[in-house]
Each structure stands twice: as structure tokens, then as C-alpha cells.
Amino acid sequence: MNSSKPFLHGLLIACCLASAPVVLGQENTPTAKPWMNKKLAATERANLLIAQMSQEEKFTILYGYFGVEQKEKNYFPPKEALYGSAGWIAGVPRLGIPAQFQTDASLGVATQNIPKPRERTGLPSGLATAATFDPAIALQGGAMIGQEARASGFNIMLAGGVNLVREPRNGRNFEYAGEDPLLAGKIIGAQIKGIQSNQIISTLKHYALNNQETGRNIGNVIMDESAARTSELMAFHIALKEGNPGSVMCAYNKVNGVYSCENDFLLNKVLKGDWGFEGYVMSDWGAVHSTIPAVNNGLDQESAYGFDKAFYFGPALKEAVDNGWVAPSRLDDMVRRVLRSMFAHGLFDQPLKEAAIDFAAHAKITQQTAESGMVLLKNADGILPITKNVKKIAVIGGHADRAVLSGGGSSQVYGQGGNPIKTPQDGIFPKVYHPSSPLQALRASLPASQIEFNSGEDVAAATALAQTADLTLVFATQWTSEAYDVESLNLPAGQNELIAAIAKANPKTVVVLETGGPVFMPWLDQTAGVLQAWYPGTEGGTAIARVLTGAVNPSGHLPITYPADTNQLPQKIIAGTGRKNDEVPFDIHYPEGATIGYKWYDQQKLTPLFPFGFGLSYSQFSYSKLTAEWNKGQLRVAFNLANTGKMAGKALGLVFAQPTAAIWEAPKRLVGFARADLKAGANKNVQLMIDPLMLAVYQPQSKTWQIAEGDYDIHLAQHAMDKDAKVVRVHLTQQTLDIKGNLMR
Ligand code: BGC
């Protein structure tokens, strides 16, 4: 939420609207409510209800209020809105239409910047969940946060961030699910399914191409249709098919010259037309710029009118309908879409009731997600796991004595006990830590070791401690937040120098990274180990200790590529950087187009610091018996995963396809993946049916997807640059897929 956006006078708006909603007495309340018949389809129920609604009642459910006062703008939220929440949309009691209570976001029930936040369970970063490559874990996390949302009085969760990590410096990458459309789509789709299993609505956001925070309100992404459909739109489409979200949130930025929230191509043509989305489009907070173009081009609900420059879906919408600039049928379509999702996802049938939250059970879920998503990047000479006989351990930096870091912005969850580390707030969002101490957890699991902490503020003192230790753990942090991109991928505040000094003093140094995404590691060769812990959530300290000590075998794999230096990035400088006037639009030409992440590194023949998919284990795995069969447009891939090490662990098989002749946006694409939980010595045969869409190329003229006849190499790999990947060749015959990705016979 960018609270620096121009804000209209809330009370003024509230006063003018007083003439809008018609207050109907009890006598007007219909006794029979046929739309409450659960046996009817959601659309039918919505239609029955619309037939009973006055025009004023229809308008009521098409705009919302933000849940926090903006004193400087004299805005005070209505008393019904849950304080500190993202939004509230009035119901229509006469007809039994429930109010909509909205909360952010994908990591848990968030609280906007208020003195007394709600304390809830926070999942680790979206990137951590993506790093599990396990939709079942995303589903479980989604179900948990959705349960907390419902129990906290919310029936809409603004989750489902599926924007692809195109720009590694993007401040919101931690909310998303990585750089690959298949992985991101599957993970976010599963998360949405989990959230909605609580009879509430989840969004899918931010539609579309909202891949950087720099100039997010005015940046204009220029991208051709095929590139967009092969990358970010593909991620949205997969998440939509998997998760069936009730709502899609359109983004702040423009796409090809048109704001996302009034973009006929994105909203009407692709989302509602090609993909057949029957739910409603809500705007991001402050992303609406018009009434008639927005409505006619597909926006259904103005989320928080106070954040927009004007109240576009208030009196202006009524005027537009009265004058025929917006057809009555479109007004009904907007209302139908909102109501249909409310019926389809249980908002009518399962009224909200605040309930107790089982924090102990939920702590286990976030801990398990964090443990499954941490990525072991380096482990020289098996320095990890830490054994019980290590006598002295130095723990340095990152406030590891008390807490773990979280990412900032509207998605901010506060854990039980709030924020233990108060730092001065220099932007619009606070920097929040979760009170889960890695140091305490390490001490609890290694009672025989002497474990000492140093804050790292004084390099000499930290180095002196490291010199006396048998093992040093340095906790390095990088805070990233909504509304800002990071200036560079270097760890801030002298941490690179601190790590280098410590590693020099004690080569047995392991770095634990709590970062929003990739960072450069100039000290990599000097250190013995690196664990990417992401922002590990409200049980992060425990999870880190369990991975370091081997109570859990690390099994996360990078859902993003780690660049070796800035020169490898497609955008050397983030478009819009240094712009003073936030009102002067600028274009963003992402040079990589559809060739995101590992695809870019493959195509440009660059060697990253760590490739997509990379992740070590305390065990070893072997990959064998790869076969690929093409039968009537279906590609079946089978292989065996075996644990050849001494410890139980999870193997990940990544399946990439590489055409020998057909031209794709990149040499190869991820077309499938599978995990196997394997005891030491165990193995498992895996079979994957590859979605034909993953093998196809978009044809804008015919609006179809084509699989070109020819030979394709199928790789079974541990990561995107795996020289030991197993490869088989398969011949595919020409196939046409319709716009939804279904094979046409
Ligand atoms: C963010 C959205 C969020 C909304 C409501 C916006 O600033 O971009 O992701 O859901 O605020 O808090």
C-alpha cells in the first residue's frame, strides 16, 4: 500500500454517498431468499439475487474502504471495517449479502501499519515455499493462513502473488514464487486452493507484469503478446486453472500503454475471454485511473477508492450508467461476478464467525514449510550438519540472539509477541522481525556446546570471538520491502566485509542468509558453508537450528537464479531508477522478454553464481531409468530417484525439454518436476504426464499453441545447469492446442 498516494477526503466522500445507498426498512426484507438454495449453481444464485437488487444496492458491492485512518487526509475508515485491515466492502443486509472483509496476503493475516497489530502465524517467504517444489506444502500453508483469516473475521484474502521474478532486485520478490511459470503457477495455484478451502475468497495478483517496484504506479511495460503469454501470463493461467481463485487483482503498472486495471487486452480478452475467468477483477489499492474505460475494459470492483485519484466507482459510475456510457448489462455483469464468487466460495453459506486459532498447530506448519524451503548452497567438507561434539560455536549478527527477519509491506504479518527489534522507520513500512531466536534454538539442540553471540556491529569483537570458536555461524540479513527495489544485490551495512573478516579469522564459517532474494557472495570461496534461509517465518529460528543441526535434512532448491554480478542481469539498471517526479511515465522494456531466469542464462551462455534448481542435501541422490514416450499428443516421462546417502531426505527431479530444431524463447524449459521423500537406501519410480502447453509455442495470428514436429531432448536434472543430467531424445508430432492449452483433435 503506497500511502503516499493522493488521497481524497474520506469524510467528504462518505457524506456525498449518503444519498447513494437506499436504506430499506425491515418490511422490505424478502422473506423467501431463493438464492440461498445451495443446490443451485453459483451463477444462478447470483442471477436470482441481482433480480432483487436496486441499482443503489448494486453499486454498494462495487467499491471498498481501506481499514486504517489517514489522519493527514482526514480519512477515517467506517466503524464496520476491521481496524488495520486492507479493506471492507459493505454488504446488503436486506438481501442477506454479507460484507466483504479483506486481509492481506500470501504469508498470513497481515496488519497494516498500526500501533497494535494482530499477532498471527507468518509463513516463510513465498520463495521459500516455492523452493520446496512441493505444491502439497503450498496447499497446507494456504489452508493454514486461510483458516486464520476466517477465524480473524476475514472472508477475502489478498494472496496469490504470482508475478515472476524477472528483476532480482525487485523488493517484493519474497512474496512471489520464483522465475519459472510452471513452478510459480503450480505453487500459487495450490496455495489459493488451500486458502479457499476455508470457504473464503483468495485473489491472484498482481495482474500483470508488475515485476519491479521502481515507478510501479507509472511504469509502462512494453512486451509483445507472445512473450507475455509465454512467461508471466502463463504463470497466471496455470495458477488460475489450479487454484480457481474467486478474484484477480489487477496491477499498478501499465502494460503496452494502458493501465492494467483498464486494460481490455489483459482483462476482457485474455483473462475473461481466453481463459474463461468467471470471478471478478478487483483493483490494487490506488490502481484505478478512470470510470468508463476501467469498467468497460474489465475492472469489476474499485478496492479502496481513497487510494485512487478520484472516487471512480462511486457517483461517477452511477452517472455513467444513467447516461448509457456503461451499459446496464455491464453493471449487472460486475455485480454478478462479485456475487458469483461469493456464492461459489462459501461467503453466503458459511457466515463469518470469529474463532480461536490453534497457534501451536500452525507453528508446526510454518516451521515445516521453512525447513522444507531452506536451500543449502555450500557445504564444504560436510561442515554441516553441526554435530553434538563441536565444543564452541560463535553466532554472529542478524539479531540471531532474538529473532529472524521478515519482508516489509502490505503483506506484513506480526508473529506472537510482535516485533522484538525496533528500528527507526525510514520508509512507509516498518522493518519487522519475528521473535524466534536461532541462538536459543541452537542452544536447546546442542546442550553440550558452548554457544556465544556477538551482534557483529563491532567487526573486531566479532572476529575475536570467531577466532576462539570451532565453528562460526554468521547471520546475514537484507531487508526488502514493497514499494522499493534494492539498489544492489550486495548485502547492506558492511556485512560482506564482516563475513570476509570472520572467514579470514576462522575458515570454519557458515553464512545463514535471511534475504528477500539473491545476493552476491564475494566471500563465497572463503566460507565453508552457506544456507539460504529466506525470511523464514514466525518459527524461523527453530527451523534454521533444525536444519543446521541435521534434525532436518535440507531439501529446498532455488526457485530463482543467483547472478554472479550485475553485468549478467538483463536490465543493468532498473528502468525508472533515479526518477524524481513520480508523475512522469516511463517505459520498461524488459530485455529478456519471455527468456526469464535460467532461460536467459542458458541463452546468453552465462554462468550464474547458483543456477535455478540448485540445492544440496546431507544425503546423495542418484537419477536413473529416464524414459520419454510420446503418444497422441501426450508426453509421458518416467525415471527413478534413489537416495544413495546415509540420511533420509527428499530428492527433486527436474525435467527440462530442449528442442533440437524448433525455436523456443530459450534453449530449454522446465516442463515438469517431482519430489520423492526417501529413506537412506530407498528409491522410487516416478511418472509424469507433461502438460502439452509446456511444449508449445504461441501463434498470435491463429490464437493457438503449436507443438512443432521434431526431436526434443528430455533432461532429468538436479538443476538448470546440471552437466550430469540424464538425457533421452523423443520425437514429437505436430499438435495444435486451443487458447486454453487443450489439445485440439
Ligand atoms: C499491494 C497489494 C495489497 C494491497 C492491499 C497494495 O499496495 O500492492 O498487494 O494487497 O496493497 O493492502
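Numbering of ligands and ligand atoms starts at 1, following listing order.
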Y305/Y65 under ring pair (Phe, Tyr, Trp, His ring centres under 6.0 Å): CA gap, chis, key distance, verdict | CA-CA 7 Å; Y305 66 81; Y65 300 82; 5.3 Å; yes
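Between N211 and the choices Q571, E167, E232, the side chain to side chain donor-acceptor pair (under 3.5 Å) rule is met once, by E232.
Taking 4.5 Å as the limit, every side-chain heavy atom of F313 sits out of range of all side-chain heavy atoms of D308.
Using a 4.0 Å cutoff on heavy atoms, E482 counts as a contact of ligand 1.
Using bins of under 30°, 30° to 60° and over 60° for the plane-to-plane angle, the ring pair Y259/H289 lands in the parallel bin.
Close contacts of ligand 1 with H206, meaning ligand atoms under 4.0 Å from a residue heavy atom, involve 2 (C), 8 (O), 9 (O). Listed by atom number, the atoms of ligand 1 under 4.0 Å from Q112 heavy atoms are 12 (O). Which parts of ligand 1 touch Y252 is read off a 4.0 Å heavy-atom cut-off, strictly below it: atoms 6 (C), 7 (O), 8 (O). Residue M249 approaches ligand 1 through these ligand atoms, each under 4.0 Å from one of its heavy atoms: 10 (O).
Of all the listed residues (I428, D284, N210, N163), D284 holds the heavy atom that lies closest to atom 2 (C) of ligand 1. Counting only non-hydrogen atoms, the option in T103, D104, L158 that gets closest to atom 12 (O) of ligand 1 is D104.
When non-hydrogen atoms are compared, ligand 1 lies under 4.0 Å from neither the backbone nor the side chain of M157.
Here's the thing with K205: one of its N/O atoms is less than 3.5 angstrom from an N/O atom of ligand 1.
Using modelled atom types, one finds a donor on one side chain and an acceptor on the other under 3.5 Å when comparing D104 with Q112.
Salt bridge present: D300 and K272 bring a charged side-chain N and a carboxylate O closer than 4.0 Å.
Smallest separation of non-hydrogen atoms from L267 and N297: CB-O, 3.2 Å.
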